[in-house]
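Working notes, structure below.
Both ligands and their constituent atoms are indexed starting at 1 by order of listing. These figures come from a predicted structure and were not determined experimentally.
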Amino acid sequence: MLINKMHLKFFRNHIDFDIKFSPGINVIWGKNGVGKTSILEAVYILSIGKSFKTNKSREIINNQSKSLSVDGFFYDNENDLRISFQQFLGKNKIFKINGVKEVSKNIIGRFPVVLLSPEEEKTTKGQPSDRRKFFDKLFSLLSKDYFIELIKYNSILKNRNNLLKLSSSYEVILPWDIQLSRYGVDLWKKKLVYNQIFSDILDSVSNKYNNNTTISFTTNSQNMNEEEFINILKKTFQKDLTTKRTNFGPHRDVYSFLLNGKDLKVFGSQGEHKLAFSLIKFAEYQTIKQETNKSPTILLDDLFARLDSDKSANILKLLEDNTQTIITNTDLTDIKNRGINTNLPSNKDFYLEKIWKN
Ligand SMILES: Nc1ncnc2c1ncn2[C@@H]1O[C@H](COP(=O)(O)OP(=O)(O)O)[C@@H](O)[C@H]1O
Ligand SMILES: [Mg+2]
């Protein structure tokens with residue numbers, strides 16, 4: 001699924017803005033603050049159902065307006081698709097597919113994207129929860145069942161945690177443990193499968209890039225049955241009461257990325273983080289492509305801030321020629337010097353200028 005064009009109304013600084021994309025590499029360039037990242041943000045919302053920068057509607061709605069709309073037109077070999085997003089100040093998001101209202105959880109996966117942005121760099125640099133989110137998002141894209149189970153699990157978890165604050169009786173908590181174990185066991189089963197798939201792809205991606213570099217990861221998903229899960233919850237119940245939260249389950253999974261066997265978070269240099277980040281993102285792209293048969297569109301915010309300058313060209317070469325990519329950068333010459341030819345028929349560049357209003 002490729003994005004063909006998009007219309008923004010009162011989305012951040014874009015009052016009434018049209019953009020048409022090419023199926024290859026699209027470079028959006030211009031000075032800081034002209035709204036390049038905002039364009040990627042809008043595309044991302046059409047893919048994932050939420051922004052990568054904020055959950056607050058007032059931040060993305062233009063400050064002269066009370067509502068915004070984003071309209072995206074997509075196509076593949078068989079279909080045309082229109083995904084629209086509308087939001088009024090303080091209200092819920094409204095999504096439509098081909099003009100028909102749709103809940104946001106049915107948006108994810110129609111038009112997959114892989115995002116390389118400062119926010120996403122938390123995947124290697126941030127907390128364990130940032131890595132968990134990376135994997136949860138990826139697996140949700142691969143499997144709608146995973147996504148739905150994750151939502152259910154999180155809602156049961158929230159109820160259980162609330163109850164831990166109100167009651168110290170195990171009998172009161174037990175019904176929640178039974179429910180939590182049902183989804184917990186299943187999430188772990190799925191995670192074990194998807195972890196393996198991602199791990200194999202990460203391995204082949206780092207081999208393809210450079211024989212001397214291996215990126216891998218460790219995690220602690222476990223294979224167990226519901227009874228075992230409930231028993232461990234029972235054992236950790238006293239601790240849960242003290243901490244007022246649930247200390248056991250997939251929501252506590254710790255993922256660590258390793259570069260040549262060493263924990264990246266602990267030992268990684270800036271350059272190693274960038275390299276690992278590129279390879280992880282490329283593996284994410286490959287995993288989505290392999291498992292869903294859809295080629296994700298790559299969103300690359302501030303290209304050379306994200307990728308190691310001398311190695312970025314190599315990373316881009318890993319992408320196949322027919323991958324739709326939207327790159328933002330302050331400069332076009334820089335991009336051309338790195339071997340990206342925006343004059344090819346399948347590529348395109350856009351110069352974005354600030355519209356000054358009196
Ligand atoms: N809700 C909003 N209303 C109006 N302008 C906004 C809003 N949110 C952000 N902006 C402005 O829009 C511009 C968008 O910036 P951004 O997309 O990050 O630009 P770039 O990536 O080109 O540097 C900034 O100048 C910012 O001040
Ligand atoms: Mg930007």
Side-chain angles (χ1 to χ4, degrees), residues 3 5-22 25-72 84-94 113-123 125-126 270 273-274 277-278 281 297-309 312 315-316 324-336 338 340 342 348-358:
I3 185 161
K5 55 186 184 168
M6 184 172 70
H7 181 70
L8 304 180
K9 260 190 134 155
F10 297 111
F11 188 90
R12 292 203 185 263
N13 66 324
H14 300 287
I15 307 283
D16 188 0
F17 177 78
D18 273 304
I19 185 164
K20 181 152 177 17
F21 298 99
S22 77
I25 297 176
N26 298 268
V27 178
I28 303 171
W29 62 290
K31 294 202 177 83
N32 281 323
V34 292
K36 303 183 296 293
T37 302
S38 304
I39 295 172
L40 297 186
E41 189 183 18
V43 174
Y44 186 89
I45 293 175
L46 296 178
S47 170
I48 307 288
K50 58 183 185 190
S51 159
F52 57 82
K53 299 198 91 166
T54 180
N55 286 323
K56 299 193 180 101
S57 58
R58 73 180 145 74
E59 286 180 25
I60 53 172
I61 297 174
N62 184 273
N63 46 32
Q64 297 166 31
S65 173
K66 288 191 167 58
S67 67
L68 69 77
S69 69
V70 177
D71 241 325
S84 329
F85 161 63
Q86 230 187 337
Q87 182 144 39
F88 295 87
L89 261 183
K91 298 265 169 63
N92 286 339
K93 307 180 184 94
I94 300 166
V113 296
V114 169
L115 171 71
L116 288 87
S117 77
E119 292 76 14
E120 288 289 301
E121 283 177 359
K122 289 196 209 126
T123 307
K125 291 184 177 167
Q270 285 284 7
H273 272 282
K274 279 191 181 181
F277 179 68
S278 319
K281 284 288 150 181
T297 294
I298 308 249
L299 309 177
L300 240 166
D301 195 19
D302 278 334
L303 175 64
F304 297 110
R306 299 285 78 70
L307 302 179
D308 227 12
S309 51
S312 54
I315 299 286
L316 288 173
Q324 188 177 40
T325 308
I326 310 174
I327 299 173
T328 72
N329 209 48
T330 44
D331 184 1
L332 187 63
T333 344
D334 203 14
I335 297 243
K336 296 206 162 175
R338 311 279 175 177
I340 298 174
T342 54
K348 198 165 175 178
D349 71 77
F350 312 83
Y351 175 63
L352 213 61
E353 241 173 331
K354 196 156 197 153
I355 303 165
W356 295 103
K357 291 219 152 194
N358 294 317

Practice task
Taking atom types as modelled, find out whether His14 and Asn62 have a side-chain donor-acceptor pair closer than 3.5 angstrom.
Solution key: no
Exercise for the section: Among all protein heavy atoms, pick out the one at the shortest distance from atom 14 (C) of ligand 1; state its residue, atom name and that distance to 0.1 Å. Expected result: Ser38 OG, 3.5 Å
Fill in the blank from the handout: Quick look: Lys31 vs ligand 1, heavy-atom contacts under 4.0 Å, and the answer is backbone
Problem - With Phe10 via ring pair (Phe, Tyr, Trp, His ring centres under 6.0 Å) - residues at least two apart - result: none
Practice task
Output yes when the distance from some N or O of ligand 1 to some N or O of Gly35 is under 3.5 Å, and no in every other case.
Solution key: yes
Exercise for the section: State whether the side chain of Ser57 and the backbone N or O of Gly90 hold a donor-acceptor pair below 3.5 Å, judged by distance alone. Expected result: yes
Handout entry: Shortest protein heavy-atom distance from atom 11 (C) of ligand 1, along with the residue and atom involved
Key = Asn13 CB, 3.9 Å
Exercise for the section: Could you tell me whether Lys66 atom NZ has more than 12 heavy atoms of other residues or ligands within 6.0 Å of it? Expected result: no
Practice task
Run the numbers for me: atoms of ligand 1, each under 4.0 Å from some heavy atom of Lys36, listed by number.
Solution key: 17 (O), 19 (O), 20 (P), 21 (O), 22 (O), 23 (O)
Handout entry: Expected output: side-chain Gln324 to main-chain Ser22 donor-acceptor under 3.5 Å
Key = yes
Handout entry: Protein contact of atom 8 (N) of ligand 1 - nearest heavy atom, named by residue and atom, plus distance
Key = Arg12 NH1, 3.4 Å
Exercise for the section: Quick one: look up the protein heavy atom nearest atom 3 (N) of ligand 1 and list residue, atom name and how far away it is. Expected result: Asn63 N, 3.0 Å
Problem - Donor-acceptor contact present, side-chain Lys31 to main-chain Glu353, <3.5 Å - result: no
Problem - Numbered atoms and elements of ligand 1 in range of Ile61, under 4.0 angstrom, heavy atoms - result: 1 (N), 2 (C)
Problem - Contact with ligand 1 for His14, non-hydrogen, under 4.0 angstrom - result: no
Completion exercise
In ligand 1, the atoms that come under 4.0 Å of a heavy atom of Asn32 are 23 (O)
Handout entry: Ile326, Val43, Leu115 screened by side-chain contact (heavy atoms from CB on, under 4.5 Å) with Thr297, the one that passes
Key = Ile326
Practice task
Check whether the ring centres of Trp29 and Phe350 lie less than 6.0 Å apart, and answer yes or no.
Solution key: no
Exercise for the section: Examine Ser38 and say whether one of its N/O/S atoms is closer to the Mg ion (ligand 2) than 2.8 Å. Expected result: no
Handout entry: Heavy-atom nearest neighbour in the protein, as seen from atom 26 (C) of ligand 1, with distance rounded to 0.1 Å
Key = Gly33 O, 5.0 Å
Fill in the blank from the handout: shortest atom 18 (O) of ligand 1-to-protein heavy-atom contact is with Thr37 CB, 3.8 Å
Completion exercise
Glu59 heavy atoms within 4.0 Å reach ligand 1 at atoms 1 (N), 2 (C), 8 (N)
Problem - Within 6.0 angstrom of Lys50 NZ, more than 12 heavy atoms from elsewhere - result: no
